[in-house]
Amino acid sequence: MNQEVFAKKRDYLLLLPSLIPLLLLFVYPLLKGFVMTFQQPETAGLTLANYVEFFTNSNYYDTIWRTLYLVVPASIIELFIAFGITYFIREKMRGGGIIAGLTIFPLTLGSIIVDMAVIAFFKPTGWFNTTLINMGLIDEPFTLVYNYAGAFIALVILGTAFIASNLVGMMGTIDPNLERAARTLGASRWVTFKRVFWPLIRSNVLTVFALNLIMQIGVYSTAVIVGNPASETRTFVVVAFEEAMRNFNYNMANTVAIVMGITQLLVLSIVFAIRKRGYIGSASTFK
Amino acid sequence: MKAEKSFPELEKEDGQTVQGNINRKPLRNSRKGLFLQKGYKTSSWALILLFLTIVLGMTIAVVLSAFGEEWYGTFLPQGYTIEWFIKAWQAYEVGEYFKITMGIVLTATVISLVLSIPTVYILARRDFPFKQALISFFQLPFTLPDLLYAIPVASIFYSIGLAETIPGLIIVNLIVGIPFSVFILLPYMESLDPRLEYAATSLGATKFKLFQRIVLPQVVPGITASAINIFIRMFNTFTIILLISGPKTQTLNVMVFSVLQGSGSQPPAMLNSLALTLMIPLLFFSFLSLWVSSFTQRRLGK
Amino acid sequence: MSQAVKKKNSTTILDSTRVEIRNLTKQFGSTTAVHNASLDIENGEFMTLLGPSGCGKTTILSMILGTLQPTSGEITFNGQPINKIDMSRRDIGMVFQNYALFPHMTVAQNIAFGLDMRKVSKSEKKKRVEEAIEMVQLNDLGNRFIKDLSGGQQQRVALARAIVIRPRVLLLDEPLSNLDAKLRKEMRTQLKKLHDELGITTIYVTHDQEEALSLSTKVTVMSNGIIQQIGTPKEIFGKPKNYFVANFIGYGNFLRGKLIDEQDGQFIFEADKDSVRLVVNHDKQHQVGDEVILTIKPEMLEIITDPKIGMNTLSGKITVSDYIGSATGYEVETKEGRTFKVNVLGLNPYAMGEEVRLYLDPAKLLIIDEE
Amino acid sequence: MSQAVKKKNSTTILDSTRVEIRNLTKQFGSTTAVHNASLDIENGEFMTLLGPSGCGKTTILSMILGTLQPTSGEITFNGQPINKIDMSRRDIGMVFQNYALFPHMTVAQNIAFGLDMRKVSKSEKKKRVEEAIEMVQLNDLGNRFIKDLSGGQQQRVALARAIVIRPRVLLLDEPLSNLDAKLRKEMRTQLKKLHDELGITTIYVTHDQEEALSLSTKVTVMSNGIIQQIGTPKEIFGKPKNYFVANFIGYGNFLRGKLIDEQDGQFIFEADKDSVRLVVNHDKQHQVGDEVILTIKPEMLEIITDPKIGMNTLSGKITVSDYIGSATGYEVETKEGRTFKVNVLGLNPYAMGEEVRLYLDPAKLLIIDEE
Amino acid sequence: ACGGGAEESGGSDDPTTLTIYSVAGGDEYYNDIVIPMFEEETGGKYNVEYGRGTPQEIINKIKTQGDNGTIDVVITGLDGLPLGINDGLWEQLLPEYSEEVHADEWNEIGSAYKESFDGYGAPVTTGSGGPILVYNKDKIDNPPTTYAELKDWISENPGKFTYPAVPSSGPARGFFFGLAQSLGEDFNDPQSLDETWTYLEDIGETIDNYPTKTSDSFDLLYEGAVDIIPHTPFWFANLVATDTVPPNIGAVALEDTKQIIDSHFYVMLKDLPDDRKAAALEFLEFATSKEVQSQGYAVGFLPANGEASPELLEEEYVETYNHYQEGVMPEFKDGETIYVPEDNWVLFPNLEATNESYSLWEQNIQAK
Ligand SMILES: Nc1ncnc2c1ncn2[C@@H]1O[C@H](COP(=O)(O)OP(=O)(O)OP(=O)(O)O)[C@@H](O)[C@H]1O
Ligand SMILES: Nc1ncnc2c1ncn2[C@@H]1O[C@H](COP(=O)(O)OP(=O)(O)OP(=O)(O)O)[C@@H](O)[C@H]1O
Ligand SMILES: [Mg+2]
Ligand SMILES: [Mg+2]
């Protein structure tokens, strides 16, 4: 059928209900916060000193790599796990609902409880290590908490749950007839996936992936509770909070936050640039 | 196949010429395919089992740490008690906070959804200049740490008298809820088939009816995902809520955190129990929304 | 239009709508899907759009419906430009070529949708939905979801959904294409009845000539986005204006040539290729000297045995014989090397290779132009 | 099957597939879509499935394709149960009733998809895709995305995608329903050519009798999930087995009654309702005393003026006259109160209300059973 | 119920809302004992709202509230007090309100604060912030009792000692400052703590990671992953009193250092409206009285009011206290009275030094 998008000016009014609260509540504070990054505590006048400090002091700029080093691999793994699970149970399968529910479940625990749970489960005397030791697989327990590994595990659990919570619904929007058509044309399951399923769901997956990634860039409690916030998991927000809460240097805290925001925007624009090159739209059979 | 039996010696050349150079696979499953298929199934199950074991193990471990008695180094606690849980519940009036929290966050969730859905619709359906920039703008509030804007927001709220009031807390939650919901719903909305909307409009549906009868029912999965996620996010919002909440108009999360941060000599089991009370609203809401969604979906025949 | 006259009269609210299309053009990038089309559809008219696949029929309907914006030109409803009328207020019932049924609703809900929008009372709604379901013979399927229906059943839901609202304009885009012949005929009867009763202005796209003929008050033939001929069914099928129209609606035999003479109110035609001469009845548009095309339908050609008739006959041999249900289609190759298509009712009266004589009745031969 | 014999032979690699369906039943909840159907489709056969909308045709194709699991019964390919063969290895080309084209690929990519899966060389692929595009007359549209095509164009892409792989089984679910008559005829010719050349086992669903007749080597008529008759096109159209088949394929006139006598190799038939007596040619399946139905196609009934013919004639009056393109359909009401449908080639030779006589040729009357 | 205190305090019939925030924890004393007593005492005149937070958060909150402030009294530790002084948030209590806060009754430690904090806060409790060692009696018969012995023990039992992260754990702080104290270094000048860092680096070789929270270090000890952790005497006693310590866990004091005093203070917000100020002062007067302060014994809060004693405990807390003091190490008991021995204490370092120490610890120790 023929259709095309033609906009009536009036339609854009629909943007307002959500824009107005944000403009009212958010923009002014944000600008204020932004201006603060060009100021020093207790002095007037605008300066770039905070940014100079950020990009010359390894204590600050290292947070970029540390954050990305923690979050990017974790996000990719989360995507794989969440996609793998939801794709596998996508067709009506007995127990599929339960598997989906359990995968998403950690999301409902919230990050603090997940952090506590990771510690309880993975600590040297936790079930994970004791089981491995009892099975004779290892002699010494793995150190999986209060370090990179701990934060990584907690992130993976939460991120997987988040991505899965979205993928479950998205997979349902792909018309199974298209996959069937591909299969009958001789495509193996893998090729059907690669050539039909993936291109159709790709843009949605990328959006969720980006969302998850930028959320995890803002990781705080996990980095502090299960990670080692002094070194390996010294992420943006850890430093920002430290500046604000311990050093009372809001200017620097906001600078860190702005750099973090820019990093997130960069990540987002990369993902969206990739996304734009693929198919975006309905995946129903185009009759 | 009579012919085939009479001229078996001719087979190869003939088969090829007729079919051109097409690669004919035999009408039979390839070993490789079967193997891969099996491998895929096995590894998927392995992945699922591994992940779920960890999730379940973690959860049980942390729950036992709150309900277990004297769990030191043994595989299971010596005994179980809900005494600490009850103590924590009573000492901190968890029930009160629970009610307030549900009121605030539920309302904010619903309002966020209501306000963001029209926006998402336009973002998904229309192309306009700076659309990408607008999307990025929507993304700012939940990516930037709330530290960055919490203090100015709180001063505004105090100066206009909205601070420490329930409506104020609801409104401030929208900063978290709207952008997040926009982002989650966007891909769902983009996957809708626009042709159905034309059909509906031509049948006389106004914009409102179109939303109500055609768009919304089809994005129920997206709305559910969005509702759960923004609920959880709002529930976990800390800094800004702490700044504008009063001692009694606080979310459960903020109260529990303050307790945990300031904790001195209270028994750890009680603190664990207190932390676990946070699960209740989240679980409650998740089940609620999954139930609502499956109910509506069933009614909508998915 | 007879229907238009039958209509009840009212001043402000018209029961149906007069659709006027003025110089309508639609381009998709570099493709021109509709080119400068002008078309008047009186109220109560049943207009059929005919044309080959991809000629722009759906595009025209989409512009009337409002899902496409014309590149240029104007469409008016009762004189009012439609872009001034909100899409939801145009009161159009449309059967989309792809149905566009709501997957999240049952058959009954789909059909009731338009009524809901019109705030029809509950009992009235129930009654009308039931009627519609019955009319398209989907009894017992009211509570099914769309995906649980067969293709033809879906198409019927789409039809029911469009007509149940008794709109002022009905746009039907091949609404019966997935139905079997018998059902199609029944639906056709229902549509005709409905149209006669309510006088809904209808624009109908079909590939089925029988449908076009039995339903329409007017037919428009298009090709490549350009309107070729507009007329009553009899005009179109009896007097196609040019080669395209004739060919499209099934005139299978064409002879290019010249009218070289006039005799007893009849032209003498001489074919270019082989100088075959034929006598053909006079018509008003042509005169001696015109370069024309003679055409005749396969079923108008006669295979004769009577040796007495000599004029306008050609001898030949049957080369193809094809039983097509109610008739047999033959191809006859004449001595001059031309092939004629001839349809004869019934099963196989002639054998392959049989020598026959073709009679081209001067009254049944038609003179048309190339363009 | 002629095609089957034509086929080239091979031992391991079969050029086409023999499809056997044994006691196939498919239930959707409480609906039985296919009921205990058994059907053999030899390799190289062109089998057409005919039946009213919703009778289970698509369901059968889906089960052969493997997208639906039979409730009971078995389908084998060359004797091998298909559930043992992976879907991607069955080598089936299918045109889905809803096309199922890939929205994220261009026309050429859609068509090439199956070839990619077969690892056809690049140049060969290009050639074959171009051929296919040409065959379905979509030249210049190779780079379009599916949503930018008209309905008929989409359908042709679906067809091209299915045949370009030259599969061993072709399942075509109303592949031409959205095309105009001329194009449909051309596609038909192409399909026939392809089938004759490659001998692909084909199962074809159509509502168009002409298609069924001109393409198929066998026709299966279904109703409500039950197979009513299997036979060659001539058998089906010339000798429908029962009332359902006859009615479905267009026998419009039925007389219920009894064979009361036999005379000169002819039966005497007496109608139940009005004791009209008719003479009808003998057939082997029936004998005097049988309760039967006499039927005759509208185009086999003759309106006669010759007053000499008295036997098997009925007088009546023309009540309906409907020009349907190549013929005019009349309804004649006899004095006994029966209505007969009669088709006469050409335009309107008789006027409404005219008194006519109908001649029911004993050789053209058919004796069938109720069930 | 949702309005701020300011608006509601006007009416004479409605109880005045008194908003108290604790940024030092201690709910079991303030929220469970003091406030109910106060409400009972004043017979419904006041409606006390009690909130919690970290010092930084509440100070930010007070600042954001600006003129619309709702908070009247804050209970703070050694971090929040100077922070608020720097930001000019607290009302100076001494000498103007010394009567109300019973300044003349303050004990030795409390009096010491008069000088260091200019009389901005009224001390509530002046307990010990450690250090002591808690150990597993099953594994260790003779626990180390000095830092030197501890180091030797650690080198003999690598991996069996750990302490939580200094910035996020009180006992770890006590351990850290106690170490500097024992090595004779000045913890008010973190840059000079060379030997302290060397010591910590050395034992750090054997420590895989530093738990974030104190309770996590407990778990490690209880489960046998480690055998010794540092702690503070009265907190530990509290755990013993609540029966959450396994019987095989014991505690010893470290003899070669002094107890680092950790205290809580009441502060009153600056420039309160008169009615609220009156209310706040009434509360302060009540809460610093020896009667109320004595109730602190019940939960191991050593009163800053020198005249407080276990004898003044209310009936209902006597039992609690008796049970509690059984778990206190003999070093911290004077007969039936718990205390920090005279001359065996030093005040906590000042705020700047503390924060700098945190950062240095993270850089020098935790990040390694
Ligand atoms: N998923 C389903 N659940 C219930 N009933 C179904 C389902 N799919 C098909 N049916 C029913 O099964 C019957 C056969 O359907 P099928 O699609 O095979 O019909 P068809 O012969 O292809 O008809 P058409 O010519 O209209 O396409 C129909 O009555 C249909 O309503
Ligand atoms: N979005 C588009 N972009 C480019 N070309 C388009 C688009 N939509 C339609 N077309 C082209 O416009 C022409 C007219 O399309 P339309 O759908 O009106 O054809 P139609 O007459 O309905 O054909 P059919 O009988 O096959 O449905 C076709 O050639 C088609 O390819
Ligand atoms: Mg069309
Ligand atoms: Mg079908």
Among [options], which residue has the highest count of heavy-atom pairs closer than 4.5 Å to chain B?
options: A:Ile113, A:Leu102, A:Thr37; result: A:Ile113
options: A:Val114, A:Asn166, A:Leu109; result: A:Asn166
options: A:Lys32, A:Met215, A:Met36; result: A:Met215
options: A:Val27, A:Ile201, A:Thr160; result: A:Thr160
options: A:Leu30, A:Ile81, A:Val168, A:Thr207; result: A:Ile81
options: A:Leu25, A:Thr131, A:Ile258; result: A:Leu25

> B:Tyr149 vs A:Phe26 aromatic rings, parallel, tilted or perpendicular, using cut-offs 30° and 60°?
Replying inline: perpendicular

> Taking the inter-plane angle between the rings of B:Phe180 and A:Phe162 on a 0 to 90° scale, is it parallel (under 30°), tilted (30 to 60°) or perpendicular (over 60°)?
Replying inline: tilted

Heavy atoms only: give me the nearest [X]-[Y] pair and the separation to one decimal.
X: A:Tyr12; Y: B:Asp127; result: OH-O, 3.9 Å
X: A:Leu14; Y: B:Pro118; result: O-CB, 3.6 Å
X: B:Leu115; Y: A:Ser18; result: O-CB, 3.5 Å
X: A:Leu107; Y: B:Ile228; result: CD2-CG2, 4.4 Å
X: A:Gly84; Y: B:Leu47; result: CA-CD2, 4.4 Å
X: B:Pro221; Y: A:Gly169; result: CB-CA, 3.9 Å

Between [X] and chain A, which part of the residue has a heavy atom less than 4.5 Å away: side chain, backbone, both or neither?
X: B:Phe183; result: both
X: B:Phe157; result: side chain
X: B:Ile111; result: neither
X: B:Ile156; result: side chain
X: B:Ile48; result: both
X: B:Leu283; result: both
X: B:Leu276; result: both
X: B:Ile171; result: both
X: B:Leu50; result: neither

Using a 4.5 Å cut-off on heavy atoms from C-beta on, say whether the side chain of [Y] contacts that of [X].
X: B:Phe138; Y: A:Leu19; value: yes
X: B:Trp45; Y: A:Ile99; value: yes
X: A:Leu265; Y: B:Gln139; value: yes
X: B:Phe137; Y: A:Leu23; value: yes
X: A:Val118; Y: B:Met58; value: yes
X: B:Asn229; Y: A:Ser165; value: yes
X: B:Phe238; Y: A:Ile112; value: no
X: A:Thr103; Y: B:Val55; value: no

What part of [X] gets closer than 4.5 Å to chain B, counting heavy atoms only: side chain, backbone, both or neither?
X: A:Val256; result: neither
X: A:Tyr28; result: side chain
X: A:Met116; result: both
X: A:Met170; result: both
X: A:Tyr220; result: neither
X: A:Ala244; result: side chain
X: A:Ala253; result: side chain
X: A:Phe128; result: neither

> Could you give all pairs that pass the side chain to side chain donor-acceptor pair (under 3.5 Å) test and reach residues 251-261 of chain A, with sequence neighbours left out?
Replying inline: none

>> side chain to side chain contact (heavy atoms under 4.5 Å, CB included) for B:Ser191 and A:Asn204? Distances and angles first, verdict last.
In response: CA-CA 8 Å; B:Ser191 320; A:Asn204 290 356; 3.0 Å; yes

> Which one of A:Trp190, A:Phe88, A:Phe193 satisfies the ring-ring contact (aromatic ring centres under 6.0 Å, His included) criterion with B:Tyr40?
Replying inline: A:Phe88

>> Donor-acceptor pair, distance only, cut-off 3.5 Å: does the side chain of B:Tyr188 make one with the backbone of A:Thr173?
In response: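 Answer holds: no.
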
